[in-house]
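Atoms within each ligand, like the ligands themselves, are counted from 1 in listed order.
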Amino acid sequence: MSSNKIMVIFMLFLFCFGFSDGVNVGHLEGRKGQWQLLLKSTGVVAMHTALTFKNTVIMFDQTGARQSSYQLRRRFNGSRCTTSRNDLMDSTCYAHSVEYDIVSNKVRPLRLDTDPWCSSGSFLSNGTLLQTGGFGQGAKRVRLYRPSCGNHQCDWIQTSKFLSDERWYASTQILPDHDRVVVVGGRRVFTYEFVPKISHNEKSFHLPFMHQTRDDQGNNNLYPFLHLSSDGNLFIFANRDSILLNLRRNEVIKTFPRIPGKGSRNYPSSGSSALLPLDHRDNFQKVEVMVCGGSATGAIEAARERRRFLQGLRSCGRMVITGNNHKWEMDFMPKPRLMHDMLILPTGDILIINGAKHGCAGYDNARNASLEPYLYSPKRRLGKRFTVLRSTKIARMYHSSATLLADGRVLVAGGNPHGRYIFHNVAYPTELRLQAFVPHYMNKRYDDWRPSNLIIEEAPIRYGTEFRVLFFLGRRPSKVVEFIAYAPPFTTHSFSMNQRMLKLRCKSMVRGGADGWMVAVLEAPPSPNVAPSGYYLLTVVNGGIPSMSQWIQFAHA
Ligand SMILES: *[C@@H]1O[C@H](CO)[C@@H](O)[C@H](O)[C@H]1NC(C)=O
Ligand SMILES: *[C@@H]1O[C@H](CO)[C@@H](O)[C@H](O)[C@H]1NC(C)=O
Ligand SMILES: *[C@@H]1O[C@H](CO)[C@@H](O)[C@H](O)[C@H]1NC(C)=O
């Protein structure tokens, strides 16, 4: 073999790992991150949020709050909103949804025709947000938001389709087949259904598990945690119990052990859950879920009837849901926590942000805001996984949310433990300030390590195929260079529906000379079970320092 050939092989095969040492993040202070105040008011409480592939964030509240802080000059039907008492009281003279543009840092109002209060949502394969359910007239509605619509300004479209059952506090998950979603549960609804339906007579399916897992305090196992396993089955967690459901056969194929400890995890107990990153190294076969925090048993009566706010849960459980050995591995957060959000950062760590230490979800049911985010590092030794990050001064209680952005920041918005917008004489006023939490990896001193200018040629990318990503790196790559794909979730009530991260296989990586351009050949996920088709954020992470992400689309052939 000529030395040239040896060189090429060396470049192609070893280079996926790089050479130099990783970034030395250094002292703890350097890992704590920063906070930015972006807007004094979004006008509308961000009870629900989702990042679109156009890098805008859709936010919406309940129309039932009537007067938001975003007053309209004209109603969406064109008629003027005057200063008459009638108009000042008229819900249609206020926005209840906005689109936040990240680059311009501005919001614009969106039109909602029915109440999406405590609803759910998922992105379809073309990046359209499918939004399901709500309250009253809105409880059976299906709405769409197309992030891109030519010369028009995009807005909500209320479709003529109806759900079979009312879905208030239901969860949804995008599915691998037929570009449709499953909607599970809701208040006093013990069924699931698909949207869109495949046939006219397709109805909802009874799910006894949703009935069995209600706690004694009422119909309270709401907003169940859903995760799509890489075998195509649906994991459903409600309060303390969980199952694996085969949706094609309407059959429960696994009943997992109960999570240890007292208390419960779903609304109004409102712990949170995330799927740990799926990894090409096991062909995405190992699927592990994590559930953290929640409320003590009896927290809702204590808060409502006695105005006592019981301490929340500190415990977190992790369980592999594939294979045959299922056991919750328990760990403890630094403090009790509920109503928090759990987001997977590009580094594969889990950010736990927002929420409170005492009480439960619902109006004015919680106290002692959790002002410090936690970073959970899944790869570290048990007992060493949590880091306490820099605290904010702004409480984010019930009806707040958090969203990972393409630039690596986390948008933090909303909070309103009241049925109206109330700014005075309450423990926790309506919160409209918009913040970003800026994780440590964004610090300028890592800019040398930071890959930039990602270019992906293929669009869309078919399953199992190779695709190339070009990027710039001013120095030799670190020992560990990772390529990750992140499905943007729909976040509400402490659960980020459809959130998913994949560590993609790098087949080769070469440096194109002295100018710093790199070319990596990556392998797309093998199937829509592993990654349902749609838009994902692709990020190159060099020694723990992520690039700005680029949108890619995984699609059927
Ligand atoms: C617009 O909506 C308002 C309030 O619902 C209603 O009073 C008015 O008649 C409507 N105007 C038009 C042009 O439809
Ligand atoms: C995306 O798909 C949905 C559902 O099929 C459809 O209603 C919508 O018009 C599509 N959007 C675009 C931009 O093609
Ligand atoms: C919770 O907040 C109350 C005041 O609202 C305070 O008295 C109490 O010490 C706080 N408890 C904890 C554990 O922070």
Side-chain angles (χ1 to χ4, degrees), residues 52-54 56 63 66-67 71-82 84-96 111-115 121-132 137 141-161 172 174-175 177-181 194-198 293 295-296 299 302-303 307-314 333-339 355-360 364-372 388 391 395 397 417 425-429 459-460 532-535 551 553 555-556:
T52 76
F53 71 93
K54 288 288 174 186
T56 63
T63 60
R66 304 195 66 78
Q67 295 99 357
Q71 213 172 345
L72 302 171
R73 285 213 195 92
R74 285 181 183 279
R75 293 180 181 83
F76 289 105
N77 73 6
S79 73
R80 259 174 53 99
C81 289
T82 67
S84 72
R85 195 181 144 72
N86 268 352
D87 280 5
L88 287 176
M89 301 295 286
D90 183 359
S91 172
T92 64
C93 281
Y94 298 84
H96 302 285
R111 168 183 189 150
L112 279 169
D113 291 315
T114 54
D115 198 349
S122 299
F123 285 103
L124 299 174
S125 63
N126 65 10
T128 292
L129 179 63
L130 177 90
Q131 196 270 316
T132 38
Q137 301 280 310
R141 299 312 301 230
V142 178
R143 307 170 192 86
L144 295 175
Y145 187 86
R146 294 187 193 120
S148 161
C149 29
N151 296 327
H152 301 281
Q153 286 208 315
C154 304
D155 214 328
W156 286 106
I157 300 161
Q158 182 160 271
T159 71
S160 55
K161 299 269 182 343
T172 81
I174 181 76
L175 297 175
D177 310 315
H178 311 295
D179 205 11
R180 61 179 190 162
V181 307
F194 299 102
V195 185
K197 312 276 183 235
I198 280 181
S295 300
R307 306 306 294 152
R308 283 196 54 230
F309 305 98
L310 306 185
Q311 181 171 304
L313 307 183
R314 264 184 71 206
M333 294 186 282
K335 299 228 169 94
R337 200 154 185 154
L338 49 117
M339 300 193 299
K357 298 186 193 77
H358 290 239
C360 63
D364 202 24
N365 283 344
R367 289 292 183 274
N368 305 84
S370 298
L371 300 173
E372 300 165 324
V388 178
S391 63
M397 307 294 279
N425 305 323
V426 287
Y428 294 98
S533 53
Y535 283 87
W551 291 98
Q553 194 185 15
H556 295 280

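- Note that atom 14 (O) of ligand 3 has protein non-hydrogen atoms nearby, at separations under 4.0 angstrom.
- For the pair R75 and D90, the salt-bridge criterion is met [side-chain N within less than 4.0 Å of a carboxylate O].
- Only side-chain heavy atoms of L144 come within less than 4.0 Å of ligand 2; its backbone N, CA, C and O stay farther off.
- Cation-pi geometry between R111 and F76 is not met at under 6.0 angstrom from the ring centre and within 45 degrees of the axis.
- When only non-hydrogen protein atoms are considered, atom 11 (N) of ligand 3 lies nearest to N368 ND2, 2.8 Å.
- For L124, every heavy-atom contact with ligand 2 shorter than 4.0 Å involves the side chain, none the backbone.
- Using a 30° and 60° split on the angle between ring planes, F53 and Y535 fall in the parallel class, below 30°.
- Checking atom 4 (C) of ligand 3 against the protein gives no heavy-atom contact under 4.0 Å.
- Looking only at distances, a side-chain donor or acceptor of S295 sits under 3.5 Å from a matching main-chain atom of G359.
- Protein heavy atoms come within 4.0 Å of atom 7 (O) of ligand 2.
- Residue S79 places a heavy atom less than 4.0 Å from ligand 1.
- For atom 10 (C) of ligand 2, the nearest protein heavy atom (residue, atom name, distance) is N126 ND2, 2.4 Å.
- Within the listing of ligand 1, atoms 1 (C), 2 (O), 3 (C), 8 (C), 10 (C), 11 (N), 12 (C), 14 (O) sit less than 4.0 angstrom from a heavy atom of N77.
- For Q137, the CD atom is loosely surrounded, since the number of other residues' heavy atoms within 6.0 Å does not exceed 12.
- Without hydrogens or angle criteria, Y428 side chain to N368 main chain gives a donor-acceptor distance under 3.5 Å.
- Residue-to-ligand polar distances place R146 within reach of ligand 2: an N/O pair is separated by less than 3.5 Å.
- Without hydrogens or angle criteria, Y94 side chain to L88 main chain gives a donor-acceptor distance under 3.5 Å.
- H96 places none of its side-chain heavy atoms less than 4.5 Å from the side chain of D115.
- Distances below 4.0 Å separate heavy atoms of H358 from the following atoms of ligand 3: 13 (C).
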